[in-house]
Amino acid sequence: MYKSYDSLNLPEIDRQILEFWESENVFERSISEKDANNTYVFYEGPPSANGKPGIHHVMARTVKDLFCRFHTMQGQRVQRKGGWDTHGLPIELSVEKELGITKEDIGTKISVDDYNKACRETVMRYKDMWDDITRKMGYWVDLENPYITFDNNYIESVWFLLKRLYDKDLLYKGYTIQPYSPAAGTGLSSHELNQPGAYRDVTDTSAIAQFKLKKDAASDFLFSVTNGADVHIIAWTTTPWTLPSNTALAVGNKIDYVLVKTFNQYTHEPINIVLAKALMGKQLSGKYKPLEEGQSLDDYQAGDKKIPFTVLKELKGAEMVGIRYEQLLPYVLPYENAAQAFQVIAGNFVTTEDGTGIVHIAPTFGADDAQVGKENNIPPMLVLDENENPVPLVDLQGKFRKEVGELAGLYVKNEYYTEGNAPDKSADVLISIKLKTENKAFKVEKYVHSYPHCWRTDKPILYYPLDSWFIKASSMKERMFELNKTINWKPAATGEGRFGKWLENLNDWNLSRSRFWGIPLPIWVSEDKEQKKCIGSIEELGKEIEKANAALGKNQTVPKDMHRPYIDEIVLVAEDGTPLTRELDLIDVWFDSGSMPYAQWHYPFENLDKFDPEKKMGFPADFIAEGVDQTRGWFYTLHAIAVMAFDSIAYKNVVSNGLVQDKNGQKMSKRLGNAVEPFETLAKYGADATRWYMISNAQPWDNLKFDVSGIDEVRRKFFGTLYNTYSFFGLYANVDKFNFSEAEVSLADRPEIDRWIISLLNSLIKEVTADYANYEATAATRKIQEFTDQHLSNWYVRLCRRRFWKGDYSADKIAAYQTLYTCMVTISKLMAPVAPFFADWMYSNLNTITKKETSVSVHLADFPTADDQAIDKGLEQRMDYAQSISSLVLSLRKKESIRVRQPLQKILLPVLNPDFQTQVEGVKDLILSEVNVKEIEYVTDTEGIIKKGIKPNFKTLGRRMGKHMKTVAQAISKFGDAEIANLERNGGMQMVINDEEFTLTLEDFEITTQDIPGWLVASDGPLTVALDVTLTDELKAEGVARELVNRIQNIRKDQNFEITDRILVEIENKTEVQAGITGFKDYIANEVLADDIVLVASPTDAVAVELQEGLALNISVKRT
RNA sequence: ACUGGUGUAGCGCAAUUGGUUAGCGCACUUGCCUGAUACGUAAGAGGUUGGUGGUUCGAGUCCAUCCAUCGGUACCA
């Protein structure tokens, strides 16, 4: 017996199937039973288990799961190793918070050892919850043997990779501009900078400095305007203390600038200055006023209230690029490449919102500055210290170095002095005064702006160059860009746009993190930084330790745990005997996760039989997927490491899914209380409905406005319909004991409608397979749903109902069972990747009885392949006609208020072409029974009878006619019956438009039938149907009979009779029903399973029904 | 501010890649059908396809520009 159920309960199905999977080891078998030589490589991006899973994880994991399942069903072996991301700042911060400590306390109040222990414990806090959601949502991934980034093996592989990059000369130590708190003596992460209250409004001394141009070929066009007088470019800064470190000025290429002649307000000397035209109003206001007509600049006297100015020339920023200027505060020159300093460069960040439209560039104290400086080969203002190391002009305490003349030893900000020790005049003020007296300041003002502060010391931060280890990613960016083009991105825009552009403008990868819980940088350096060693394996570390022990007389051993602090204690030795100590930095956690393809297999130390990038074994991945937020995260680190270490892509196909928002398009957050709890959702609606909703509702890469009512709709419309189809099938198949033991009825022997649904089914298989293969799951689910709902349930089953419950267990009935069975089993396979539970439930329920399938689970079965022989597009077209014609007839009945139960004699169908008639003949019976009409009459010789309409076929005609199209369309619209008839007879015509002759064929027209005068007609596109609404007595009687059948069936139903119960019917004897009963007694009896139907004056225990408008009738129905 | 996505009926989505009445589902109104289905079906209401301008015989689709919205990056002289 096929299992039957009271109602659809998806969560219950989830539970049953989960148990089934576990008891049968279905997941393991879905891998182990596949050919090891036919692999589909998938990499799992590791989640961090110190946060709870959210609904967006269900989204991302559904995408991952479904393509893995699809390829499994394609016969491929899909290894899916789970993993955990265990390092990183978020973990450290949460531990700090729990322990109530700050970074400074680590190593003092708490040992690094204890601190790291705390991190190690915290990091897997929610592992059980993650495992639970993984299981419940049906995400198949190996949770038994996951890779864990804090494992020594994992760390060793990461070291191997770092060493490989080191050997390729891709690792270097360098400067990067980072937020730095001199008071605390530490760099701040951007995370820390985003703490509330970090940005505060402060009043600073701002200065507009005058940079004097050098006269040469590049600047001559300006000097020619001033007759050789000095020209200054003016630039604004809110940090005058950075002016001694100025090495460039940036202009906007497209910005309009002006050369203005005026006087300096402090020295009263005549000056020629360049500034953005848009900012003249701002900077040349107040004291300044345009030169009036008739006046001369020479009239200006020092002390005049107003200072006149006049524009000498307009120019574009681009014209100034390359101009040299004199160093503003020539205390010292950059230690290298000084010749390139002090010139005008172009910067795309320059705006005309503020200042002068010219930006002062100090590459040592601004991230943008450093970047643009590097791009333009401008040296930063670095000098060599006592140890010959390059350093900026401000030291780590925030004081000017000795090179900066009279400013040496001063803090750059007064806030850095201890209480009460700050001088009257800050460095900014001193510099401003100096500029004023030297005719180098155009304007000095107080300026209020928002500036970041250290959240620990409350003092302003500096942007300061700090020592860090870098990966020279920029040197490989062309290769990364090239190889990226070979990756199939879903959606493509993310790959070409977001990711591609990112690669084009790639910066070096700052690896260093001065934290405690992470993979230590395996680099040992001598005190003078001259000698370095990078360690690439634990074995190598052991050898180096032995060497060091011998050379230095130590007794060190390889630590059991590669984390800090143990690794820090190891001292190695250089070839010449110099001791080497480890660089204290950790590496960026993103390097951890980007190393997972190799480190999950402990490459190259183990598993070389299953993973070897050199041999392209297990590498690159065929498929990865994550949220779009990983574009610059995991997607990048995977790509970068693969390109740099192995000159290969790391993945061939990547799906980046969008955000999951709440139903109003708002970000989900705990604070707003609009976050959807994944466990609740899964428990209420089941995993399949949730998964199906997420995939079918919108493309995964679009943001999903998550609305549970959408899940409910999916449950009702798709799963409900499919469930009902199954129930229907089970109900009658049990009665008939259908278990597919008969030989398959050949397609040719099945009725038209069976061949139709099988044709559609095979078309569906084709399309769905292609969609899944192209990572277009949304299209696939929509097609499966459309097939199930529209075609299978609401056309095939509806029209075939009688075949299942009427008559004997005939060949036709068997064909019907087989057809429906095949459809359901096939759907279970097609839907299995997205809805793994329900699919397996239906598959198992069916297969338990029939044993037609060799696999115990749908997930061990092969994905269906389409049988091209079974696809009959003509048949599909035919059925389409049947549906349209039926729909037209029903609408006519409605218009005339003739209910469908009332039979009618005939419909008239104008024939569009001979083929059409054959087509309709094939589905004639379906139409007739669907609309309750006796016959179809074809109207062929239509001239005069049928009124036709004609329209040009724009697609074929438009291309040829071009601009004549309008004229042609007008001409055609005027065609009368005669022209259309001629056209049809001749199969085409000649048309002359503006003396040009065109040959038109029937293809170039759309001819429709529109009306049959004298008949009741309806049209839809080319189709027209006329309905004969004449009611003969015979038809009326049959109508009554059908009404009676309906009423009696309702009574049976109301009285809860079994479907098979036999009955005796008494009907009140009224004249209106007599003809119906005498003429159709057998028919009625047969329909309602009545042994007899009698007309009596007053039936006993009768039910009153309304047979027609105003006709009440008593009927009695009794079981016999 | 820069950069990408999106913008179609109250809501969620389509539209054969430029082809002429812009569709489907949910919700709504009124009928009908149904011994599998709170399913389906028929009629109705609901649209200036975000605005403007352009290219074209023809634009939801291409171009320009603006607006809204969601991301990403940058927060700066």
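Just so it is clear: chains get the letters A, B, ... in the order the sequence lines come, proteins before strands, and each one is counted from 1.
A cation-pi arrangement is present between A:Arg802 and A:Trp805, with the terminal nitrogen or guanidinium carbon under 6.0 Å from the aromatic centre and inside a 45° cone about the axis.
For the P atom pair drawn from B:rC24 and B:rC33, the interatomic distance equals 23 Å after rounding to whole Å. B:rU48 and B:rU21 are spaced 16 Å apart, taking the C1' atom of each and rounding to whole Å. Distance check on atom P: B:rU3 versus B:rG60 gives 28 Å, rounded to whole Å. Here, B:rG46 and B:rG54 have their P atoms 30 Å apart, quoted to the whole Å. Taking the C1' atom of each, B:rC32 and B:rC39 are spaced 14 Å apart, rounded to whole Å. With both ends at atom C1', the span from B:rG19 to B:rG58 equals 7 Å, rounded to whole Å.
Closest-nucleotide positions on RNA chain B for A:His360 and A:Gln699 were compared, and the one nearer the 5' end corresponds to A:Gln699. Position along RNA chain B of the nearest nucleotide to A:Gln1049 versus A:Ala235 favours A:Gln1049 as the more 5'-ward residue.
Listed by chain and residue number, A:Ser709 satisfy the side-chain hydrogen bond (donor to acceptor under 3.5 Å, both in side chains) test with A:Asp707 (two or more places apart in sequence, or in another chain). Applying the side chain to side chain contact (heavy atoms under 4.5 Å, CB included) criterion to A:Asn1086, with sequence neighbours excluded, gives A:Lys806. For A:Gln1055, the side chain to side chain contact (heavy atoms under 4.5 Å, CB included) criterion is met by A:Ile1051, A:Phe1057, A:Val1103, not counting sequence neighbours. Residues meeting the side-chain hydrogen bond (donor to acceptor under 3.5 Å, both in side chains) test with A:Arg715, sequence neighbours left out: A:Asp712. Applying the ring pair (Phe, Tyr, Trp, His ring centres under 6.0 Å) rule to A:Tyr685 yields no partners; only residues at least two apart in sequence or on another chain are considered. Residues satisfying the side chain to side chain contact (heavy atoms under 4.5 Å, CB included) criterion with A:Leu1000, sequence neighbours excluded, are A:Leu957, A:Arg960, A:Met961, A:Met989, A:Met991, A:Phe998, A:Asp1004, A:Phe1005. Here A:Ala60 pairs with A:Asn657 under the side chain to side chain contact (heavy atoms under 4.5 Å, CB included) rule; sequence neighbours left out. Applying the side-chain hydrogen bond (donor to acceptor under 3.5 Å, both in side chains) rule to A:Thr356 yields no partners; only residues at least two apart in sequence or on another chain are considered.
Comparing atom distances between the A:Glu713 side chain and each of B:rC26, B:rA14, B:rA36 picks out B:rC26 as nearest.
Residue contacts shown for A:Gly958 include a base, since a base heavy atom lies under 4.0 Å away. Across all strands, A:Tyr732 comes closer than 4.0 Å only to sugar-phosphate atoms, never to a base (heavy-atom distances).
Listed pair A:Asn1046 / B:rU34 meets the phosphate criterion, a side-chain N or O lying under 4.0 Å from OP1 or OP2. Residue A:Lys951 places at least one side-chain N or O under 4.0 Å from the OP1 or OP2 atom of B:rU21.
A:Tyr636 and A:Trp509 have tilted rings, their planes meeting at an angle from 30° to 60° on a 0 to 90° scale.
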Could you give the side-chain donor-acceptor pairs of residues 786-793 of chain A under 3.5 Å, partners two or more places apart or in another chain?
unit_1: A:Thr788; atom_1: OG1; unit_2: A:Ile784; atom_2: O; d: 2.8
unit_1: A:Asp789; atom_1: OD1; unit_2: A:Asn794; atom_2: ND2; d: 3.3

Next item on the list: Under 3.5 Å for both distances, Watson-Crick or G-U wobble, that's the pair rule; now give the dot-bracket for RNA chain B, with | marking pairs to another strand and [ ] for crossing ones.
Entry: (((((((..((((.....[...)))).(((((.......))))).....(((((..]....))))))))))))....
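Note: A:Phe635 and A:Phe499 fail the aromatic proximity criterion, with ring centroids not under 6.0 Å apart.
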Next item on the list: Scan nucleotides 38-45 of chain B nucleotide by nucleotide, 5' to 3', and note B when protein non-hydrogen atoms come under 4.0 Å of the base, S if they reach only the sugar-phosphate, - if neither.
Entry: -SSSSS--
Next item on the list: Do nucleotides 3-12 of chain B as a string where each nucleotide becomes B, S or -: B if the base has a protein heavy atom under 4.0 Å, S if just the sugar-phosphate does, - if no protein is that close.
Entry: -S-------S
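Its glycosidic angle being more than 90° from 0, B:rU61 falls on the anti side.
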